[in-house]
**Q** 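So that we are looking at the same thing, I have put the structure below in structure tokens.
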Amino acid sequence: MTRLMFLKFGITWFSLCFSMCCVGQIGNADRNIIVVANIDVAGIVLSKQQVKSLFMGSSVGYNFDVATLPPSSLVRVNFNTLIIGLTEDRIQSFWAQMRFTGRKTQPKQITSVESLLEYVKSTPGAVTYLPASITLPDNLKILYTTVSL
Amino acid sequence: MLCFFKKSPFIFCLVAIVCSMQIRAEQNDTLIDFSGFSRVVAGVLDDENASYEGYDNSISLGQKSLLAVQVEGHLTDSWSLTTQLLAHSSNEQDSGIEWLYSTYQATDSWQLKLGKLRTPFFNYSDVLDIGYAYPWISPPQQVYNGFLFDSYEGASANYDLVTNSFSANVEIFWGKFEDEITVGDETVEAEVNQFRGLILNIQHNNLKLRMSNHKGNVVVALPEINGFAGALNQAGYPSMAQHLETKGDVKVFQLSLYYDALDYFVKSEIVQIKSPILVFPETNSYYISAGYIFYPFTVHATFASSHSSYTSVVSTIPSGLDPQLDTLAAGFDALYDNLGRDNLNSVTLGLRWDFRHGMALKADITHLKGDDNERSFFTISNPTAFDYKANLLQVAWEWVF
């Protein structure tokens with residue numbers, strides 16, 4: 001392969017980079033998120049760092065059973081943007097590193113907000129994120145909210 | 001086969017546990033998870049006088065392509081067994097069982113592992129085969145070269161701590177390694193005992209710091225050098241012979257700082273390797289990388305550099321007195337002159353496209369500039385014509401499942 005061919009590749013590469021347009025814009029509808037748990041203890045409030053760590057596989061000390069929505073969910077996109085601060089593919093890269101080094105296990109995924117709410121409602125210790133506008137059952141407590149952000 | 005188990009008591013224990021798990025699986029609903037990863041990488045170097053990472057001036061698919069399957073069996077809520085079977089396309093790399101270990105999740109915060117594990121020297125050392133986990137096609141070779149072994153047999157303990165403002169993880173491990181290692185283009189048998197390390201990860205918002213320190217007692221099988229050292233001792237030059245070490249404590253220190261924002265990242269990692277062993281130079285290397293994300297695309301640029309050196313030894317053998325001593329002195333000088341030094345600067349420009357969940361396409365172009373007349377990670381076929389500059393082009397398809 002000649003240096004000229006490499007130069008052509010370089011030019012093509014830069015052209016491609018600059019011509020691509022941004023995708024994955026998030027709508028301005030209600031993007032706020034609440035993190036809720038099925039726990040008896042009242043008054044538990046988590047910081048953003050704790051919520052991020054909890055959903056990225058670390059323990060925050062309450063033996064939570066973490067459940068999430070699938071990557072295609074808009075609520076998950078909002079959660080990634082507001083709390084985790086990473087795009088989905090970089091979160092998946094993180095989980096690939098964790099899974100194939102045996103360090104952490106990805107939380108279970110439940111297909112819809114309705115099913116997720118039902119799961120958390122009926123599972124003591126379960127924790128998840130939901131749209132802030134949702135009507136919560138009595139046994140779920142809010143640990144964190146982005147509403148004031 | 002018996003010999004294999006004799007040499008690998010951890011593996012023997014784990015195979016026995018796997019067998020017992022299968023028996024239990026018939027009695028209970030033991031959960032078994034299958035996952036895996038694969039990559040197809042094509043690369044070409046624009047120089048006919050040398051090769052780099054196995055690539056020469058003809059397009060090759062065979063250097064880094066691979067397929068791996070991971071099987072994880074959950075014995076109980078807190079105890080699991082994991083194995084990872086890997087098939088490399090390159091003959092230079094071993095295929096077979098890459099991981100075989102048992103995990104015990106003692107508490108939410110404590111995790112213990114026992115078995116054949118990947119060595120967590122640097123940020124991406126234990127996921128080098130999983131291209132999906134990092135932005136480049138190959139992490140900078142100045143840091144992530146094949147000099148260090150990629151797995152060990154032993155145990156590790158992990159502790160997680162999360163506070164209101166930061167999260168931390170501490171990992172300690174202890175074990176041993178016995179296999180071939182590659183230094184430059186030479187492969188030598190090596191044994192590493194009392195191999196241990198301490199790794200500290202601290203994260204505050206998007207800023208992540210990783211610090212690690214590793215140490216092991218290394219013995220490399222180099223009978224020619226031992227023989228030459230014996231000859232120097234016999235001739236009455238023990239102070240020169242002691243520089244021809246083939247065993248000793250090798251120390252590896254690493255520090256990295258990563259900042260990951262929603263639409264950009266900056267990563268930097270610095271590594272130092274110190275060794276009394278003749279063929280392992282003292283190495284200082286680092287990279288700094290920045291990327292911009294316009295989802296699902298990432299563009300990134302990386303500068304990487306390495307500098308390796310050997311302790312300078314002045315021959316005290318008098319010349320011109322005895323032909324045998326002259327031969328010894330010439331041999332000593334030739335030995336030092338031929339030690340490879342990997343002094344290399346590189347700039348990589350890359351593009352990653354996460355075109356669907358769990359899959360990515362990548363293209364990287366790397367400009368390499370080595371020190372003249374040094375090894376610089378190249379395998380040089382025509383030293384007189386090679387100008388120690390080359391460009392490496394790679395494209396890759398990454399998949400995790």
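Please read these numbers as outputs of a predicted model, since none were measured by experiment. Just so it is clear: chains get the letters A, B, ... in the order the sequence lines come, proteins before strands, and each one is counted from 1.
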**Q** Do other residues, nucleotides or ligands put more than 12 heavy atoms under 6.0 Å from the CG atom of B:L207?
**A** yes

**Q** Check each atom of B:F166 against the heavy atoms of chain A and say whether the ones under 4.5 Å are side chain, backbone, both or neither.
**A** backbone

**Q** Using non-hydrogen atoms and a 4.5 Å limit, figure out which bit of A:F64 sits close to chain B: side chain, backbone, both or neither.
**A** backbone

**Q** For the OG atom of A:S59 and the CG atom of B:D160, what is their distance to the nearest 0.5 Å?
**A** 7.0 Å

**Q** Tell me every residue that passes side chain to side chain donor-acceptor pair (under 3.5 Å) with A:S93, counting only those two or more places apart in sequence or in another chain.
**A** B:R352

**Q** Quick one: are B:Y132 and A:Q97 in side-chain contact, heavy atoms under 4.5 Å?
**A**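 Of all side-chain heavy-atom pairs linking A:Q97 with B:Y132, none is under 4.5 Å.
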
**Q** Taking all non-hydrogen atoms of both residues into account, name the closest pair between B:L262 and A:T81 and its distance.
**A** CD2-CG2, 3.5 Å

**Q** Could you give the distance from CG (A:L54) to OG (B:S167), rounded to the nearest 0.5 Å?
**A**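 Going from CG on A:L54 over to OG on B:S167, the span is 11.5 Å.
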
**Q** Quick one: CG on A:D89 to CH2 on B:W353, what's the gap to the nearest 0.5 Å?
**A** 13.0 Å

**Q** For chain A, find which of B:R118, B:E398, B:Q203 contributes the most heavy-atom pairs closer than 4.5 angstrom.
**A** B:Q203

**Q** Is a side-chain N or O of A:Q49 found less than 3.5 angstrom from the main chain of B:N205, in a donor-acceptor match?
**A** yes

**Q** Once rounded to the nearest 0.5 Å, what's the spacing between atom OG of A:S58 and atom CG of B:N169?
**A** 7.0 Å

**Q** Do the side chains of B:F265 and A:R90 get nearer than 4.5 Å, heavy atoms only?
**A** yes

**Q** Against chain A, label B:Y159 side chain, backbone, both or neither, depending on which of its atoms sit under 4.5 Å from a heavy atom there.
**A**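 Looking at B:Y159, nothing touches chain A.
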
**Q** Report the option among B:T82, B:D260, B:V400, B:N158 that has the most heavy-atom pairs separated by less than 4.5 Å from atoms of chain A.
**A** B:D260

**Q** Determine the option with the most heavy-atom pairs under 4.5 angstrom with chain A, choosing from B:L117, B:D33, B:N206.
**A**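 Top count of heavy-atom pairs under 4.5 Å with chain A: B:N206.
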
**Q** With chain B as the partner chain, list the residues of residues 99-114 of chain A whose heavy atoms fall under 4.5 Å from it, by residue number, and write 'none' if nothing qualifies.
**A** A:R99, A:F100, A:T101, A:G102, A:R103, A:K104

**Q** What part of B:N123 gets closer than 4.5 Å to chain A, counting heavy atoms only: side chain, backbone, both or neither?
**A**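 Just its backbone gets close to chain A.
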
**Q** For the CG atom of B:D108 and the CG atom of A:N63, what is their distance to the nearest 0.5 Å?
**A**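 Going from the CG atom of B:D108 to the CG atom of A:N63 covers 4.5 Å.
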
**Q** In terms of heavy-atom proximity below 4.5 Å to chain A, should B:F401 be classed as side chain, backbone, both, or neither?
**A**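 Looking at B:F401, just its backbone touches chain A.
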
**Q** Taking all heavy atoms of A:Q50 and all of B:V162, pick out the closest pair and write down the distance.
**A** CG-CG1, 3.8 Å

**Q** Which atoms form the tightest heavy-atom contact between B:T163 and A:S47, and what is the distance?
**A**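 Shortest heavy-atom separation between B:T163 and A:S47 comes out as O-OG, 4.2 Å.
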
